[in-house]
Amino acid sequence: MLEPKKIKYRKVHRGNRKGMAKGGTEVNFGSYGLKAMESGWVTARQIEATRISISRRVRKLGRMWIRIFPDKPITKKPLETRMGKGKGSPEYWVANVRPGRILFEVEGISREVAQEAFRIAGNKLAIKTKLVAKRGLDEG
């Protein structure tokens, strides 16, 4: 699973999830992309499950790019622990995703195959997504 090799701080604030994506909003590498339609946290496990489901559809015909990386640690206190005594230890990693962000890209496959792959992949994520095509390709 994805996680950073080295980080500056072990624990980070939750932050806000308002607003649109600042960058990564266009399909740059492949022909089709999976675009986030709402904000949320996408965990490393969700990214891995999505990667596997897309690569099963793409196989050796096409290529795939992952455009997000889980670089935010989420902490959790142990069960049945009293209040206080500081923040919990890091449990898992998430990528902070905002609307408009391209999550995955594929190339070398037809639109129908890409649509099916991204439909199944979208079910693995906790946010709404849609298929987008590179500018110049068939719009629809």
Side-chain angles (χ1 to χ4, degrees):
M1 268 186 294
L2 296 171
E3 87 174 46
K5 287 188 184 87
K6 190 175 175 184
I7 51 171
K8 192 168 185 180
Y9 300 108
R10 272 184 69 230
K11 302 171 185 178
V12 299
H13 291 207
R14 288 181 180 273
N16 77 1
R17 291 181 243 176
K18 291 191 290 256
M20 298 295 285
K22 235 169 62 171
T25 57
E26 292 184 7
V27 180
N28 292 330
F29 304 103
S31 308
Y32 301 102
L34 185 67
K35 186 178 197 173
M37 299 309 292
E38 60 186 15
S39 61
W41 286 342
V42 179
T43 67
R45 285 176 181 273
Q46 289 171 353
I47 294 170
E48 182 65 12
T50 308
R51 182 193 68 78
I52 290 166
S53 71
I54 293 172
S55 62
R56 281 197 181 129
R57 299 297 173 288
V58 173
R59 288 285 177 206
K60 292 178 176 74
L61 300 171
R63 287 188 64 190
M64 178 182 62
W65 290 268
I66 303 171
R67 295 280 307 273
I68 54 173
F69 186 80
D71 56 355
K72 181 186 185 101
I74 301 301
T75 61
K76 194 175 177 204
K77 292 187 75 121
L79 289 173
E80 298 178 10
T81 306
R82 292 185 178 186
M83 294 287 103
K85 301 214 180 355
K87 193 171 182 175
S89 58
E91 287 288 311
Y92 58 96
W93 296 86
V94 298
N96 200 8
V97 174
R98 294 206 170 120
R101 179 74 193 221
I102 302 295
L103 308 174
F104 293 87
E105 289 185 26
V106 293
E107 113 180 312
I109 57 174
S110 67
R111 186 180 177 88
E112 291 75 35
V113 175
Q115 210 161 3
E116 177 64 15
F118 284 151
R119 184 188 65 78
I120 291 163
N123 292 332
K124 311 275 183 230
L125 300 169
I127 57 174
K128 286 182 188 158
T129 57
K130 77 170 187 181
L131 173 104
V132 289
K134 192 171 203 157
R135 289 193 194 276
L137 264 113
D138 55 341
E139 304 299 322

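For the numbers below, each heavy atom of this structure counts, side chains included, while hydrogens, waters and symmetry mates do not. Position 1 is the first residue of the sequence; numbering continues from there. Source: prediction; values computed, not measured.
Heavy-atom minimum distance, V106 versus A114: CG2-CB, 4.2 Å. Here the closest non-hydrogen pair linking A21 and G100 is CB-C, 4.2 Å. The two residues Q46 and T50 come nearest to each other via the heavy atoms O-OG1, 2.6 Å. Closest of all the heavy-atom pairs between E107 and G30 is CB-CA, 3.6 Å. Summarising the geometry of I120 relative to S53, their closest heavy-atom pair is CG2-CB, 4.1 Å, with the distance given to 0.1 Å. Between K134 and N28 the shortest heavy-atom distance is NZ-O, 3.2 Å.
Hydrophobic clustering of Ile, Leu, Val, Met, Phe, Trp and Tyr side chains at less than 4.5 Å, counting indirect connections, keeps W93 apart from L125. Tracing side-chain contacts under 4.5 Å through hydrophobic residues (I, L, V, M, F, W, Y), one never reaches Y92 starting from I47; they form parts of separate clusters. The cluster map of Ile, Leu, Val, Met, Phe, Trp and Tyr, joined by side-chain heavy atoms under 4.5 Å apart, puts L131 and I109 in the same cluster. Following chains of ILVMFWY side-chain contacts shorter than 4.5 Å, one cannot reach F104 starting from I102, and the two form parts of different hydrophobic clusters.
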**Study point:** Worked check of side-chain contact (heavy atoms from CB on, under 4.5 Å) between Y32 and R111
**Key:** CA-CA 8 Å; Y32 301 102; R111 186 180 177 88; 3.4 Å; yes
Practice item. In sequence, state the C-alpha distance, the side-chain angles, and the governing distance for L103 and I127, and then conclude on side-chain contact (heavy atoms from CB on, under 4.5 Å). Key: CA-CA 11 Å; L103 308 174; I127 57 174; 4.1 Å; yes
Exercise for review: Run the numbers on N96 and V94 for side-chain contact (heavy atoms from CB on, under 4.5 Å), then give the verdict.
Suggested key: CA-CA 6 Å; N96 200 8; V94 298; 6.0 Å; no
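By the salt bridge (charged side-chain N to carboxylate O under 4.0 Å, His left out) test, E116 is found to be paired with R119, residues two or more places apart in sequence or in another chain being considered. Residues meeting the side chain to side chain donor-acceptor pair (under 3.5 Å) test with Q115, sequence neighbours left out: none. For the salt bridge (charged side-chain N to carboxylate O under 4.0 Å, His left out) test, no residue two or more places apart in sequence or in another chain qualifies with R17. A search for side chain to side chain donor-acceptor pair (under 3.5 Å) contacts involving R98 returns N16, not counting sequence neighbours. With sequence neighbours excluded, the residues forming a salt bridge (charged side-chain N to carboxylate O under 4.0 Å, His left out) with E48 are R51, listed by chain and number.
Using a 4.5 Å cut-off on side-chain heavy atoms (C-beta onward), K6 and P4 make no contact.
Rounding to the nearest 0.5 Å gives a distance of 4.5 Å between NZ of K130 and CE of M37.
A donor-acceptor pair under 3.5 Å is formed between the side chain of K11 and the backbone N or O of K87.
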Could you go through residues 58-83 and list every donor-acceptor pair under 3.5 Å that involves a side-chain atom there, pairing it with any protein atom two or more places apart or in another chain?
| residue | atom | partner | partner atom | Å |
| --- | --- | --- | --- | --- |
| R59 | NE | R56 | O | 3.3 |
| R67 | NH1 | E26 | O | 3.3 |
| R67 | NH1 | E105 | OE2 | 2.2 |
| K72 | NZ | H13 | O | 3.0 |
| K72 | NZ | R14 | O | 2.7 |
| K77 | NZ | G84 | O | 2.4 |
| K77 | NZ | G86 | O | 2.7 |
| T81 | OG1 | P78 | O | 2.7 |
| T81 | OG1 | L79 | O | 3.4 |

